[in-house]
Number of protein chains: 2
Amino acid sequence: MSDFIKQLNLLSPLSPEAEEDLLARLKPMAFKKGQVINKEEQICKKLFFIDKGLVKHYYHQKDRIFILKFFAENQFFTVLDSFTNQTPSKFITIALEDTETTGLDHTDFIELCEKHHSFETFARKLFAMAAIVNLKRIKEMFDAESAELYAEFIKENNHLLNRLKLGDIASYLGISQVTLSRIRSKK
Amino acid sequence: MSDFIKQLNLLSPLSPEAEEDLLARLKPMAFKKGQVINKEEQICKKLFFIDKGLVKHYYHQKDRIFILKFFAENQFFTVLDSFTNQTPSKFITIALEDTETTGLDHTDFIELCEKHHSFETFARKLFAMAAIVNLKRIKEMFDAESAELYAEFIKENNHLLNRLKLGDIASYLGISQVTLSRIRSKK
DNA sequence: ATAATCTTTTTACATAAGTTAAAAAATCAT
DNA sequence: ATGATTTTTTAACTTATGTAAAAAGATTAT
């Protein structure tokens, strides 16, 4: 059984009615390693919760790949602007490992927000958190010396280190794999 | 009279009771050019709306200044994580021009969220927008060639161009003023 | 008007990091 | 185990950008 509701309640507890209503709308979705979860230009219809697995959220630009974020166990994720405004996504989301998710449709999300004040509160806190996480990421990107970027990354993402390719880490940091390799060899 | 409520209703309309309740809690605050609105380590107590003026939100790192965002007329702003979690701010906010704001205390913000579903909905949408804006900023920062960063900036912030110093624009783009000057001379 | 201050540009130099290509190491499939 | 593929490291070269300092240009105050 998914920890969607458990994690949600940790962030902001639901009323019993809201919880029941939500539970009836959740749907499990599984993705194989390498499978696309949401492609470019596709409208993201779901708020996902990762029960198991690892996902990368990225985009292409001039033959390079830029990874905005990795999502792993017990994290909520969606394509923020595509989901919120139901507009085509500029980003791509794929599974880096076999991944099991629990999904909530956008229409259900909106209905739950309207019907249940406590769910709306959860949603508010979820987006506030997302905004803060993104702000922190901006700050990290400013600290531009690659060596420090990498040091910061391994500190924050130690649990993911052996699950990620170096190329993906470099794409996340916005540097080339060669540069990352050089950094690693330096100490 | 402030456009706080007008702009808010554009994003997400309030119930009449919520609007009345909110109105009674808003307080005008004015800042002189150069005045600190929220300093480092200070807990940000307010959600601000800018009626007039311009503000920069930044931090120091090793003798350089990094500007996360400018805020001008008709924009809501706060120190996201400091306001949300009522923790000390890592960032500094100062007025770049004489600035008039309308502020809402954090305690009032929370009470309004709890009392009025429609206000909570506004808050959810506000934070969703903030998250999206920040994500867009991350994307911009990845597009690392300085010339493009600047081109993008003048496209998006044309209305601010003649109100900002080049040094501040460089700090926003994460490049040195010398580099920015070079870019400008190139075409 | 003139001086003083602030802002922007330019120059010279050093260095971090990108690109390309190849070698080395690790992982995977048969 | 062996070969094939993927991943990581290393090397050679080029370029963009930071730093420091000075010059040029604007702005402000007296």
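Naming: A, B, ... by sequence-line order, numbering from 1 per chain.
Between Thr102(B) and Met29(B) there is no side-chain heavy-atom pair separated by less than 4.5 Å.
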Every protein N/O within reach of nucleotides 8-17 of chain D N/O, cut-off under 3.5 Å:
| from | atom 1 | to | atom 2 | distance (Å) |
| --- | --- | --- | --- | --- |
| dT8(D) | OP1 | Leu166(A) | N | 3.3 |
| dT8(D) | OP2 | Leu166(A) | N | 3.0 |
| dT9(D) | OP1 | Arg184(A) | NE | 3.4 |
| dT9(D) | OP1 | Arg184(A) | NH2 | 3.1 |
| dT9(D) | OP2 | Ser181(A) | OG | 3.1 |
| dT9(D) | OP2 | Arg184(A) | NE | 3.3 |
| dT9(D) | O5' | Ser181(A) | OG | 3.1 |
| dT17(D) | OP1 | Ser146(B) | N | 3.4 |
| dT17(D) | OP1 | Ser146(B) | OG | 2.6 |

Anything under 3.5 Å between a protein N or O and an N or O of nucleotides 26-30 of chain D, put it in a table, one pair a line.
none

Run the side-chain contact (heavy atoms from CB on, under 4.5 Å) check on Phe142(B) and Tyr59(A) step by step: do they pass?
CA-CA 10 Å; Phe142(B) 267 131; Tyr59(A) 69 102; 3.1 Å; yes
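Ionic pairing of Lys33(B) and Glu100(B) is not present here: no N-O contact between side-chain nitrogen and carboxylate oxygen is shorter than 4.0 angstrom. Here Lys115(A) pairs with Asp21(A) in a salt bridge; the nearest charged N to carboxylate O distance falls below 4.0 Å. The pair Lys136(B)-Asp81(A) fails the salt-bridge criterion, with no side-chain N (NZ, NE, NH1 or NH2) lying under 4.0 Å from an Asp/Glu carboxylate O.
Under the 6.0 Å distance and 45° angle rule, Lys46(A) does not count as a cation-pi partner of Phe48(A).
When the options Leu47(B), Thr84(B), Thr78(B) are evaluated for a side chain to side chain contact (heavy atoms under 4.5 Å, CB included) with Phe109(B), the one that passes is Leu47(B).
Around the NZ atom of Lys139(A), the shell of radius 6.0 Å holds more than 12 heavy atoms that belong to other residues, nucleotides or ligands.
Put simply, CD1 on Ile65(B) is 16 Å from C1' on dT19(D), counting in whole angstrom units. Taking atom CG of residue Asn162(A) and atom P of nucleotide dA26(C), one finds them 16 Å apart after rounding to whole Å.
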